[in-house]
Amino acid sequence: AYTATAGTLALTGASGKLRANVFFVGYTKDGVPAGSRPIAFVFNGGPGSASVWLHMGLVGPKRVQMGEDGFQPAPPYSLVDNDDSLLDVADVVAIDAISTGYSRMAEGEDGKNFHGVRQDIEAFSDFIRLYLTRFNRWTSPKYLLGESYGTVRSAGLSADLQSRHGIELNGIILVSSVIDFSTLSEAPGNDINYASFFPTLTATAWYHKRLPADLQAMDIAKVSEESRRFVWGEYMTALLKGSRLSMAERKDMAAKVARLSGLSPEFVEQANLRISPGRYRKELLRDKRLTVGRLDSRYTALDRDAAGETSEFDPSNTALQGAYTAIFSDYVRNQLKWESDLPYYTSGNVRPWEYEQGRYLNLTDNLRSAMARNPFLHVFVANGYYDMATPFAGTEYTFDHLAFEKTYADRISMGYYEGGHMMYSRPNMLKALKNDMAQFIKRTQAAK
């Protein structure tokens with residue numbers, strides 16, 4: 001038995017002037033003292049994404065029913081009970097970032113006051129402080145659960161909540177994480193990007209049966225490990241050598257890259273051994289005139305033509321958009337009784353987004369700082385093997401460089417799932433992720 005509360009909290013400035021109304025949906029277990037139960041603050045990323053995906057796909061008591069194995073269902077869509085909701089172990093508050101969902105700036109406010117790394121973190125931090133006060137939750141064990149850009153937000157929030165509000169967390173759950181943007185950026189001279197994506201290319205080729213027989217005979221975990229060993233060994237060494245590679249070395253490396261990516265050695269050599277994920281999605285199944293998805297590379301689609309270098313659209317994104325939009329729009333009005341004629345922005349206009357840093361956004365040290373000041377703060381990271389938006393090897397690289405003392409590594413754990421960016425769209429992966437998150441929450445409440 002639980003109570004669902006849909007509403008907004010008003011963020012005000014020092015003078016008391018209204019700055020924004022932040023929409024949230026909170027779920028609390030009935031019959032339990034408010035301050036004794038764990039609470040998880042949940043948000044997606046983008047930047048510009050509403051919280052509907054985690055809310056209606058992973059943590060809430062109801063979820064959108066996807067098709068078989070998580071693929072696109074036929075309209076009209078269905079709402080079902082979520083047997084793997086997080087509510088048996090924690091209360092949940094799903095928060096829409098300002099200018100997404102039903103969250104709106106006050107009239108006269110400038111978007112630059114919210115649409116940026118620092119501004120966004122401070123708004124979420126202020127919301128959490130206000131929620132803890134308004135709903136009497138200061139004594140609850142506290143968690144953040146962010147996805148994608150929401151993991152950057154989580155890293156920054158962990159430090160901001162400490163420094164500005166004196167709020168300490170028990171744990172942070174990062175779903176499809178990216179905290180160091182050098183792992184994603186295809187900038188000249190940035191070879192970390194190509195290494196970060198490569199094991200995901202291997203996993204994708206394995207799924208579509210494009211690897212040699214010996215690799216194809218492995219399971220997904222083993223073939224991914226084979227790719228990791230190659231990437232962080234001889235492949236990265238070859239990339240760092242650049243033009244100092246001999247012709248013989250270059251051809252040998254092209255053959256090895258082709259073997260683990262499902263591409264031809266000729267294509268690899270023409271690409272200077274550096275495989276762009278966008279090109280890869282177009283090239284892998286070109287002979288079938290198919291492209292593969294970015295958010296989930298299990299998905300395929302037909303493009304306008306098979307000759308281009310980039311995909312016309314991402315089939316793994318469009319597969320979710322219609323179902324989640326329709327179901328939430330019905331659910332919020334008819335079950336949560338929140339009536340508004342405002343459009344619900346699953347993807348809001350938050351551009352331009354102010355990054356305020358140098359070449360690559362990197363909030364790794366914010367998280368390290370929060371963990372240094374709070375020795376009881378633990379982190380759990382959920383990775384999808386087929387996620388070509390935030391690749392798992394890039395996440396591993398980031399956390400390998402978060403700090404160099406064992407005390408940090410001992411407080412970081414990772415889970416791997418046979419899905420994409422939103423691995424929970426597959427029912428069996430939803431169950432596995434829920435179980436891992438539940439164990440993490442139970443374990444970190446008892447951490448001493």
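Both backbone and side-chain heavy atoms feed into the values below; hydrogens, waters and symmetry mates do not.
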*Taking only residues two or more places apart in sequence or in another chain, which ones pass ring-ring contact (aromatic ring centres under 6.0 Å, His included) with Phe230?*
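Counting only residues at least two positions away or on another chain, Phe230 forms a ring-ring contact (aromatic ring centres under 6.0 Å, His included) with Phe198, Tyr235.
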*In terms of ring plane angle, is the pair Phe404 and His401 parallel, tilted or perpendicular, where the classes change at 30° and 60°?*
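Perpendicular: the ring planes of Phe404 and His401 meet at over 60°.
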*Should the pair Tyr131 and Phe41 be assigned to parallel (<30°), tilted (30 to 60°) or perpendicular (>60°) ring geometry?*
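Judged by the thresholds at 30° and 60°, the geometry between Tyr131 and Phe41 is perpendicular.
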*asked:* So that I know where these two stand, are Tyr344 and Phe328 an aromatic pair - ring centroids less than 6.0 Å apart?
replied: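 Distance test on ring centres: under 6.0 Å, yes.
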*Pair Tyr385 + Trp206: ring centers closer than 6.0 Å*: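 So the answer is no for these two rings.
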Under 3.5 Å: donor-acceptor pair, side chain of [X], backbone of [Y]:
X: Arg298; Y: Gly419; result: no
X: Ser140; Y: Arg37; result: yes
X: Ser176; Y: His421; result: yes
X: Thr325; Y: Gln321; result: yes
X: Arg411; Y: Leu377; result: yes
X: Trp53; Y: Tyr324; result: no
X: Arg153; Y: Asn44; result: yes

*Taking the side chain as C-beta and beyond, is there a heavy-atom pair between Leu9 and Phe23 under 4.5 Å?*
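No. Closest side-chain heavy atoms not under 4.5 Å.
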Report the distance from atom [atom1] of [X] to atom [atom2] of [Y], rounding to the nearest 0.5 Å.
X: Leu145; Y: Ile173; atom1: CG; atom2: CD1; value: 4.5 Å
X: Thr444; Y: Ile172; atom1: OG1; atom2: CD1; value: 11.0 Å
X: Tyr424; Y: Asn82; atom1: OH; atom2: CG; value: 11.5 Å
X: Leu86; Y: Lys434; atom1: CG; atom2: NZ; value: 6.5 Å
X: Ile179; Y: Ser154; atom1: CD1; atom2: OG; value: 8.0 Å

_By the ring-ring contact (aromatic ring centres under 6.0 Å, His included) test, which pairs, at least two apart or in different chains, include something from residues 146-186?_
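Residue pairs passing ring-ring contact (aromatic ring centres under 6.0 Å, His included), neighbours aside: Tyr149-Trp353.
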*asked:* I need the single residue from Thr200, Thr183, Val178 that forms a side-chain contact (heavy atoms from CB on, under 4.5 Å) with Thr390. Which is it?
replied: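 Of the listed residues Thr200, Thr183, Val178, the side-chain contact (heavy atoms from CB on, under 4.5 Å) partner of Thr390 is Val178.
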*Single hit among Asp387, Leu58, Val175 for side-chain contact (heavy atoms from CB on, under 4.5 Å) with Met423*: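 With Met423 as partner, side-chain contact (heavy atoms from CB on, under 4.5 Å) holds for just one option, Val175.
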*Does Arg351 CZ have over 12 foreign heavy atoms under 6.0 Å away?*
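Yes, because the 6.0 Å sphere around CZ of Arg351 holds more than 12 heavy atoms from other groups.
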*So, Glu225 and Lys222, do they make that salt bridge, N to O below 4.0 Å?*
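The answer is no: the pair does not qualify as a salt bridge.
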*asked:* I'd like to know if Asp84 pairs up with Arg63 as an ion pair, taking the criterion as any Lys NZ or Arg NE/NH1/NH2 lying under 4.0 Å from an Asp or Glu carboxylate oxygen.
replied: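 No.
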*Which pairs, with at least one residue in residues 164-175 and sequence neighbours excluded, count as a salt bridge (Lys or Arg N to Asp or Glu O under 4.0 Å)?*
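Checked against salt bridge (Lys or Arg N to Asp or Glu O under 4.0 Å) - neighbours excluded - the pairs reaching residues 164-175 are Asp126-Arg164, Asp160-Arg164.
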*Is it the case that Ser185 and Asn190 place a side-chain donor and acceptor less than 3.5 Å from each other?*
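No donor-acceptor contact under 3.5 Å links the two side chains.
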*Indicate whether the side chain of Tyr2 and that of Asp91 have a donor and an acceptor atom separated by less than 3.5 Å.*
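The answer is no; no qualifying pair exists.
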*Show your reasoning for whether side chain to side chain contact (heavy atoms under 4.5 Å, CB included) applies to Ser276 and Phe197.*
CA-CA 8 Å; Ser276 157; Phe197 273 96; over 6 Å; no
